[in-house]
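What follows is a short report on a single structure.
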Amino acid sequence: MSISFVDLNLSKETLNSLENMGFSKPTEIQEKTIPYALEDCDLLGQAQTGTGKTAAFGIPIVEKINPKEKQPQALILTPTRELALQVSEEIRKIGKGKGIYTLAVYGGTSIDRQIKFLKYKKNQVVVGSPGRVKDLIDRDVLKLDKVKIFVLDEADRMLDMGFIDDIRYIYSKLPQNKQVLLFSATIPNSIMALAKEFLKKDFKTVKVKPEEVVVDKIEQYLFKVNEDTRFPKLKDLLHKYSNKKAIIFTETKKNVDELYKMLKKHNFKVGAMHGDFSQRKREKVLKDFKENNINILIATDVASRGIDIKDVDIVYNYRLPNNLESYVHRIGRTGRAGRKGLAISLATGSEKQNVIKLTKLTKGKIKLIDFYLNNDKKNKIKKFSKR
Ligand code: ADP
Ligand code: MG
């Protein structure tokens with residue numbers, strides 16, 4: 001059973017924004033969080049990274065903002081400037097339909113520009129790192145009297161980074177009457193204590209279990225390569241499985257573009273997709289892939305979210321993901337709808353630590369080829385099974 005954004009009773013404008021962002025249905029944390037948040041409940045949400053927590057609070061925020069009121073109505077704290085930017089960009093997109101203005105404030109860059117923005121522009125949602133937010137409150141430019149929603153994003157990391165005093169200070173400056181949403185990947189005692197300190201007594205807790213490694217139907221191989229053999233190895237595999245439908249994952253947008261050019265040069269029927277592509281371009285590539293006009297799709301993790309294609313035969317990891325949790329998401333693109341899947345990863349000797357972690361993560365199911373762990377020759381599989 002899965003529900004749609006329409007079932008969440010969102011405004012026409014917000015539904016429109018979500019469609020433009022390519023979000024076809026809510027993720028689990030969004031499905032569970034949004035109804036409570038819309039009902040003004042305080043909430044503690046726990047889910048691993050990449051599960052869509054930003055929109056889980058971003059959507060209710062946008063829905064609750066009064067577009068006619070210029071002052072900040074939602075304040076979001078994030079541990080780093082990168083996250084502040086990322087979160088503000090996502091909320092800006094969600095709020096586009098309603099015409100909501102979002103500002104990111106963070107240290108390490110000119111405060112004057114941020115002060116000008118705060119003084120002279122509409123800033124209905126403010127996203128920032130605790131230090132800079134505190135500074136702007138003290139300079140009396142960040143006005144908090146209209147704030148009705150306060151969000152702590154990645155609260156566990158903020159505590160680890162020692163922001164607790166800044167956070168308490170900021171909290172003390174907020175109006176009495178407000179909704180507090182606290183998001184964290186983990187809930188250690190310190191986060192529970194923070195929830196008790198900041199949230200109303202009857203706060204809701206929403207937890208999403210980490211995705212199980214359902215890889216029984218997926219055959220997994222990892223080949224040892226070096227930087228010179230990485231591309232030739234991929235090319236050989238693509239030739240060997242030339243009639244199969246495949247997704248190739250790689251880490252960065254730049255890697256996607258480069259790989260696309262190289263494979264195109266070798267006349268593969270290939271398409272590419274990453275976050276910088278317009279919605280229209282993404283839809284076109286997906287359609288080509290679905291209709292088998294191309295049989296190879298190169299993508300970043302982010303771009304692959306929301307891709308719902310059932311008949312992918314092979315997932316390649318051209319590079320191992322930095323965050324190994326994504327490995328499971330990636331290979332889960334194959335072996336769907338009762339079909340057998342194949343996952344092939346390439347890694348260099350310098351990635352040994354990650355490969356060790358990966359063998360644990362996959363409970364030893366991944367077969368290593370030419371890759372020795374702990375000098376254990378038994379790990380070597382001489383022949384790569386023909387399929
Ligand atoms: P988290 O904060 O849990 O780590 P994010 O909010 O950063 O996760 O979301 C991860 C990625 O998933 C982002 O690129 C985001 O745009 C995308 N995403 C979020 N919700 C959806 C959805 N419902 N459908 C498709 N993609 C989504
Ligand atoms: Mg996040």
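Residue numbers count from 1 along this sequence. Ligands are counted one by one from 1 in listed order, and the atoms in each one are counted from 1 as well.
The backbone N or O of Val6 lies less than 3.5 Å from a partner atom in the side chain of Ser4, making a donor-acceptor pair.
Put simply, CD1 on Ile59 and CZ on Phe23 are 7.0 Å apart, with the number rounded to the nearest 0.5 Å. Put simply, OH on Tyr241 and CG on Asp313 are 10.5 Å apart, with the number rounded to the nearest 0.5 Å.
Distances shorter than 4.0 angstrom do not occur between any heavy atom of Glu154 and any atom of ligand 1. For the pair Phe183 and ligand 1, no heavy-atom separation below 4.0 Å is found.
Counting atoms of ligand 1 from 1 in the listed order, those under 4.0 Å from a heavy atom of Lys25 are 22 (C), 23 (N), 24 (N). Those atoms of ligand 1 with a heavy atom of Glu90 less than 4.0 angstrom away are 15 (C), 16 (O). Of all atoms in ligand 1, listed by their number and element, those nearer than 4.0 Å to a heavy atom of Phe5 are 23 (N).
Here the two rings, on His274 and Tyr260, have centers that are 6.0 Å apart or farther.
At under 3.5 Å, a nitrogen or oxygen of Gly52, whether backbone or side chain, sits near a nitrogen or oxygen of ligand 1. Residue Ser24 places no N or O, backbone or side chain, under 3.5 Å from any N or O of ligand 1.
Proximity annotation for atom 7 (O) of ligand 1: of Thr51, Thr27, Ile59, Thr54, Thr54 comes nearest, heavy atoms only. With atom 20 (N) of ligand 1 as the reference point, the heavy atom nearest to it among Lys53, Gln30, Lys93 is part of Gln30.
A pairwise comparison of heavy atoms in Leu324 and Asn354 identifies CD1-O, 3.5 Å as the closest pair.
At a heavy-atom distance under 4.0 Å, no atom of Phe57 approaches ligand 1.
Gln179 pairs with exactly one of Lys200, Lys64, Glu39 by the side-chain hydrogen bond (donor to acceptor under 3.5 Å, both in side chains) rule, that one being Lys64.
At a cut-off of 3.5 Å, with distance as the only test, no side-chain donor of Asn66 or Gln73 sits close to an acceptor on the other residue.
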